[in-house]
Amino acid sequence: GSPGWPAAAEAMPAPQQEPPAPEPEPTTATTTTPLLPEGLVVGYSYEPSHMLGTARMISLGGWQDCMQLCASNLFCKHFAFWPNDSGCTLQGSNVTLVHGKCPAGQADCPGLHVITGPRDLADKSLWPVAEADALASHDQLKVVAPVQKVARFGRAHPFLLVGIGLLVVLLVAVLVVGVSKGWFAEGSGEAESETDAEDGRAASRPLCGRDERGHRRAR
């Protein structure tokens with residue numbers, strides 16, 4: 001029976017190795033802006049940016065912590081939270097809402113991401129939402145309105161525009177002719193004045209003659 005063992009061993013299947021576990025795909029860190037409650041605006045802030053007696057603080061708890069800092073101050077009405085460095089500034093009542101702007105040549109900056117809100121979200125009278133909407137509409141109108149005014153003026157007064165153009169051409173033509181004729185040359189007026197004065201003196205001289213006695217008399 002010994003000769004049969006090698007044949008049996010060869011007939012047994014070889015153990016299969018498990019495939020290697022796939023390597024985990026590299027994950028990319030993504031940052032998402034959480035949804036803000038109603039009453040807050042992004043990209044706007046109040047000026048003056050600091051309330052009297054306050055300074056720029058660090059709010060590690062986000063805009064909520066910044067709002068609590070404002071609520072703890074009796075004179076604070078609004079807050080501004082800067083997500084780029086967790087900065088927090090407090091503003092009073094005598095302030096103006098302005099749109100965040102970046103320095104020349106920069107498409108993105110912290111001013112476009114600042115979060116501004118009231119000391120208490122329940123107090124809708126302090127919400128900056130209506131002011132931000134009005135400011136955005138005003139900024140858009142400042143760009144569109146001049147173009148619309150020019151277009152409307154051109155459509156409503158075509159003959160007036162043509163008349164203004166003809167008047168400008170006429171004034172240029174008169175100026176060219178005047179220069180070629182020497183109307184604007186220096187000294188021409190003085191020469192004419194001296195000629196007129198000389199003619200006047202000659203006309204005022206008395207004509208002389210002689211009477212019957214041979215004496216000269218003035219005519």
Side-chain angles (χ1 to χ4, degrees), residues 18-157:
E18 296 182 358
E23 297 181 358
E25 297 181 358
T27 58
T28 303
T30 58
T31 58
T32 58
T33 303
L35 295 178
L36 297 176
E38 191 176 5
L40 303 181
V41 293
V42 178
Y44 295 85
S45 60
Y46 284 100
E47 289 187 354
S49 59
H50 295 77
M51 189 175 61
L52 185 64
T54 63
R56 199 171 195 270
M57 299 170 287
I58 299 299
S59 175
L60 298 178
W63 64 265
Q64 297 91 335
D65 190 13
C66 188
M67 185 175 64
Q68 290 299 325
L69 291 174
C70 180
S72 63
N73 191 312
L74 181 62
F75 301 100
C76 179
K77 300 297 182 183
H78 312 276
F79 72 90
F81 174 72
W82 307 80
N84 64 305
D85 60 356
S86 299
C88 175
T89 57
L90 309 181
Q91 297 85 37
S93 56
N94 190 19
V95 289
T96 303
L97 191 69
V98 296
H99 194 285
K101 295 182 179 180
C102 297
Q106 294 186 13
D108 193 13
C109 62
L112 301 182
H113 304 281
V114 58
I115 301 174
T116 297
R119 61 179 291 150
D120 185 5
L121 290 176
D123 189 354
K124 294 185 178 182
S125 64
L126 297 178
W127 283 12
V129 179
E131 296 178 68
D133 293 340
L135 190 61
S137 301
H138 180 67
D139 292 341
Q140 185 177 5
L141 287 176
K142 285 195 300 184
V143 178
V144 177
V147 178
Q148 292 179 344
K149 288 181 179 179
V150 172
R152 288 197 300 266
F153 183 81
R155 291 194 301 267
H157 308 280

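Along the sequence shown, residues carry numbers from 1.
- Residues meeting the side-chain hydrogen bond (donor to acceptor under 3.5 Å, both in side chains) test with D120, sequence neighbours left out: none.
- In terms of the ring pair (Phe, Tyr, Trp, His ring centres under 6.0 Å) criterion, residue partners of Y46 (sequence neighbours excluded) are, by chain and number, H78.
- Taking CE of M67 as the reference point, atom SG of C88 lies at 10.5 Å (rounded to 0.5 Å).
- Atom CZ of F75 is separated from atom CG of L52 by 10.0 Å, given to the nearest 0.5 angstrom.
- The two atoms that bring L90 and L69 nearest to each other are CD1-O, 4.0 Å, heavy atoms only.
- Scanning both residues, V95 and Q91, for their nearest heavy atoms gives CG1-CB, 3.9 Å.
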Inset, instruction - Could you walk me through whether T89 and W82 pass the side chain to side chain contact (heavy atoms under 4.5 Å, CB included) test, one step at a time? - result: CA-CA 9 Å; T89 57; W82 307 80; 3.9 Å; yes
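- Interatomic distance, CE of M57 versus NE2 of H50, reported as 8.5 Å (0.5 Å rounding).
- Looking at residues two or more places apart in sequence or on another chain, you find a side-chain hydrogen bond (donor to acceptor under 3.5 Å, both in side chains) between H113 and D108.
- Considering only heavy atoms from C-beta on, P37 comes within 4.5 Å of W63 through its side chain.
- By the 30° and 60° cut-offs, the orientation of the rings of H99 relative to Y44 is perpendicular.
- Taking both residues in full, the closest heavy atoms of A80 and T116 are given as CB-OG1, 4.0 Å, listed atom of the first, atom of the second, then distance.
- Heavy-atom neighbours of Q106 CD from other residues, nucleotides or ligands within 6.0 Å: above the threshold of 12.
- Counting heavy atoms from C-beta on, the side chains of T96 and P48 never come closer than 4.5 Å.
- The minimum heavy-atom distance between G39 and P118, with the atom names listed, is O-CD, 3.4 Å.
- In plain terms, the two heavy atoms of D85 and I58 that are nearest each other are O-CD1, 3.8 Å.
- Counting heavy atoms from C-beta on, the side chains of D65 and F79 never come closer than 4.5 Å.
- A heavy-atom distance below 4.5 Å is not found between the side chains of R119 and N73.
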Inset, instruction - Could you check L121 against L40 for side chain to side chain contact (heavy atoms under 4.5 Å, CB included), going step by step and ending with a plain yes or no? - result: CA-CA 8 Å; L121 290 176; L40 303 181; 3.8 Å; yes
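- Nearest approach of L97 to A132, heavy atoms of both residues: CD2-N, 3.5 Å.
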